[in-house]
Amino acid sequence: MPELPEVETTVRGLRNKIIGRKIKGVWTDWPKYFKNSSKEEFKDCVIGEKIEGIERKGKNILFILSKEKILLVHMKMTGHFLVGKWEERKGVDKVYNKKWEDEKWIPESRTGKMMDPKNRFIRLIFYLNNNQMLALSDMRRFAKVICGAKEEILNSRDLDLGVDPLSKDFSFEVFKNILSNRRKRIKTLLMDQKIISGIGNIYSDEVLWRAKIHPLTPSNEIKEDKVRVLHQEIINILRRAVKLGGTSTDDFRDPNGIKGRYGRELDVYQKDGEKCKRCGGEITRIKIGGRSARFCPKCQKK
DNA sequence: ACAATATCCTGCGAGC
DNA sequence: TGCTCGCAGGATATTG
């Protein structure tokens, strides 16, 4: 489930590999990715353009293209990018070895021959010059892929996002104001991209556990000392997770196909039934707005 | 202003 | 063995 650390890991990995490359072709078996355009319109937008930069905005990836265009990708839940040269990556290579113009050709990786089964679900491929390819593996087909003029994309609702928790703007004062001006449940607030951008289910559970805050607490009822701890833990945990290449409890892989290593440092996420490392209480799962929240009822009181 | 629910999808594991 | 069912959750739309 790509959240800020996973998206940041992806962006950093991609920067090293495909900046300066030119998009020569596109293959997909799921044109629904291109929300507001047809496959042909999408191809017209990206083919021939050079990738001049790669940036992260919240959980979105922005490929800055030549001719003042931007390719925006949101990996949603199961998406991850893989980059390879055909010599290095079986399965994907075969596609390149075949004729990539052939839309009907099915990547061999989808037959499960690749080493890592989680890299199996390749639905979209960008063919670059230099014999490289950028592939999107996305089991559940939730990803969003949009190409458009720079101004149009930057001003679109997709990028109407709150403060980035790893930016300088995320000061204690700013955070305190965000919490005190609403009475939304803290767990929901942390995951609201229009308020703070980048935190999802995994890291919201983790930061609340560290700060000993019950996930259902209205944000304006949290005492200042806990707000301070929460603010610091958001920064600490996200930085640490970025450093370790994110969390791969399931699908996520970096552009080399490598798993993130933050999973071994998780304290509550997916630990239902286990003992709390801090107080020995039982980690419990509740539903908040249809989403699972894990916490320790003994040391995370309202 | 806030909360809940359905929707989009598919693999996986549990239970029968 | 093979079926059904619930679960996973990022974001948005809709309804309360």
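The shown structure was predicted, so the numbers you read here are calculated from the model rather than taken from an experiment. Below, read A as the first sequence line, B as the second, and so on, with proteins coming before strands; counting in each chain starts at 1.
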If you assign each of A:Gln193 and A:Met139 to its closest nucleotide in DNA chain C, which residue comes earlier from the 5' end?
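Looking at the nearest nucleotide for each, A:Met139 comes out on the 5' side.
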Mapping A:Arg291 and A:Asp272 to their closest nucleotides on DNA chain C, which lands nearer the 5' end?
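Nearest nucleotide further toward 5': that of A:Asp272.
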Distance in angstrom units between [X] [atom1] and [N] [atom2], rounded:
X: A:Ile186; N: B:dC2; atom1: CD1; atom2: C1'; result: 14 Å
X: A:Arg141; N: B:dT7; atom1: CZ; atom2: C1'; result: 17 Å
X: A:Leu216; N: B:dA4; atom1: CG; atom2: C1'; result: 13 Å
X: A:His80; N: C:dG10; atom1: NE2; atom2: P; result: 16 Å
X: A:Met75; N: C:dA11; atom1: CE; atom2: C1'; result: 15 Å
X: A:Asp250; N: C:dG10; atom1: CG; atom2: C1'; result: 14 Å
X: A:Ile199; N: C:dA11; atom1: CD1; atom2: C1'; result: 16 Å
X: A:Asp160; N: C:dA13; atom1: CG; atom2: P; result: 12 Å

Are the side chain of A:Gln193 and the backbone N or O of A:Ile199 linked by a donor-acceptor pair below 3.5 Å?
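It does hold such a pair.
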Between A:Glu3 (side chain) and A:Ile202 (backbone), is there a donor-acceptor pair under 3.5 Å?
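Between the backbone of A:Ile202 and the side chain of A:Glu3 there is a qualifying donor-acceptor contact (under 3.5 Å).
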Choose from [options] the nucleotide whose nearest atom is closest to any side-chain atom of [X].
X: A:Arg182; options: B:dC2, C:dG10, B:dC9; result: B:dC2
X: A:Asp158; options: C:dG10, B:dA3, C:dT12; result: C:dT12
X: A:Lys194; options: C:dT12, C:dG10, B:dC2; result: C:dT12

Would you classify [X] as touching base, sugar-phosphate or nothing, given that sugar-phosphate means primed atoms plus P, OP1 and OP2, and contacts are heavy atoms under 4.0 Å?
X: A:Tyr33; result: nothing
X: A:Thr78; result: nothing
X: A:Lys287; result: sugar-phosphate
X: A:Gly200; result: sugar-phosphate

Suppose you measure atom P in B:dT5 against the same atom in C:dG6; what distance do you get, rounded to whole Å?
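Approximately 15 Å lies between the P atom of B:dT5 and that of C:dG6.
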Distance check, P atoms only: B:dC9 and C:dC3, in whole angstrom units.
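Roughly 24 Å separates the two P atoms.
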Can you find an N or O donor on one side and an acceptor on the other, under 3.5 Å apart, linking the side chain of A:Arg140 with the base of B:dG11?
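No.
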Closer than 4.0 Å, any side-chain N/O of [X] to the OP1 or OP2 of [N]?
X: A:Arg185; N: B:dA4; result: yes
X: A:His74; N: C:dG10; result: no
X: A:Arg183; N: B:dC2; result: no
X: A:Lys76; N: B:dC9; result: no
X: A:Lys144; N: C:dA11; result: no

Would A:Asp164 and A:Arg56 satisfy salt bridge (Lys or Arg N to Asp or Glu O under 4.0 Å), going step by step from the backbone distance to the final call?
CA-CA 10 Å; A:Asp164 188 298; A:Arg56 177 183 65 77; 2.8 Å; yes
So, applying salt bridge (Lys or Arg N to Asp or Glu O under 4.0 Å) with A:Asp267, which one of A:Arg294, A:Arg278, A:Lys277 is it?
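One option only clears the test, and that one is A:Lys277.
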Could you spell out the base pairing of DNA chain B in dot-bracket, with Watson-Crick or G-U pairs whose two distances are under 3.5 Å, [ ] crossing and | to another strand?
.|||||||.|||||||
Do the rings of A:His80 and A:Phe252 sit parallel, tilted or perpendicular, given the 30° and 60° boundaries?
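Perpendicular.
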Go through the steps for A:Phe81 and A:Phe126 under the test ring pair (Phe, Tyr, Trp, His ring centres under 6.0 Å), then give the verdict.
CA-CA 10 Å; A:Phe81 275 114; A:Phe126 295 92; 7.1 Å; no
Would you verify whether the NZ or CZ of A:Arg228 falls within 45 degrees of the ring axis of A:Phe172 while also being under 6.0 Å from that six-membered ring's centre?
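Judged by the rule, A:Arg228 and A:Phe172 form a cation-pi pair.
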Tell me whether the guanidinium CZ or amine NZ of A:Arg141 lies under 6.0 angstrom from the six-membered ring centre of A:Trp30 and within 45° of its axis.
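Geometry flag: set, cation within 6.0 Å and 45°.
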Examine A:Phe170 together with A:His231 and report whether their ring centres are nearer than 6.0 Å.
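Centroid distance A:Phe170-A:His231: below 6.0 Å, so yes.
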First encountered from the 5' end of DNA chain B, between A:Ile288 and A:Phe142
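Here A:Ile288 is the residue nearer the 5' end.
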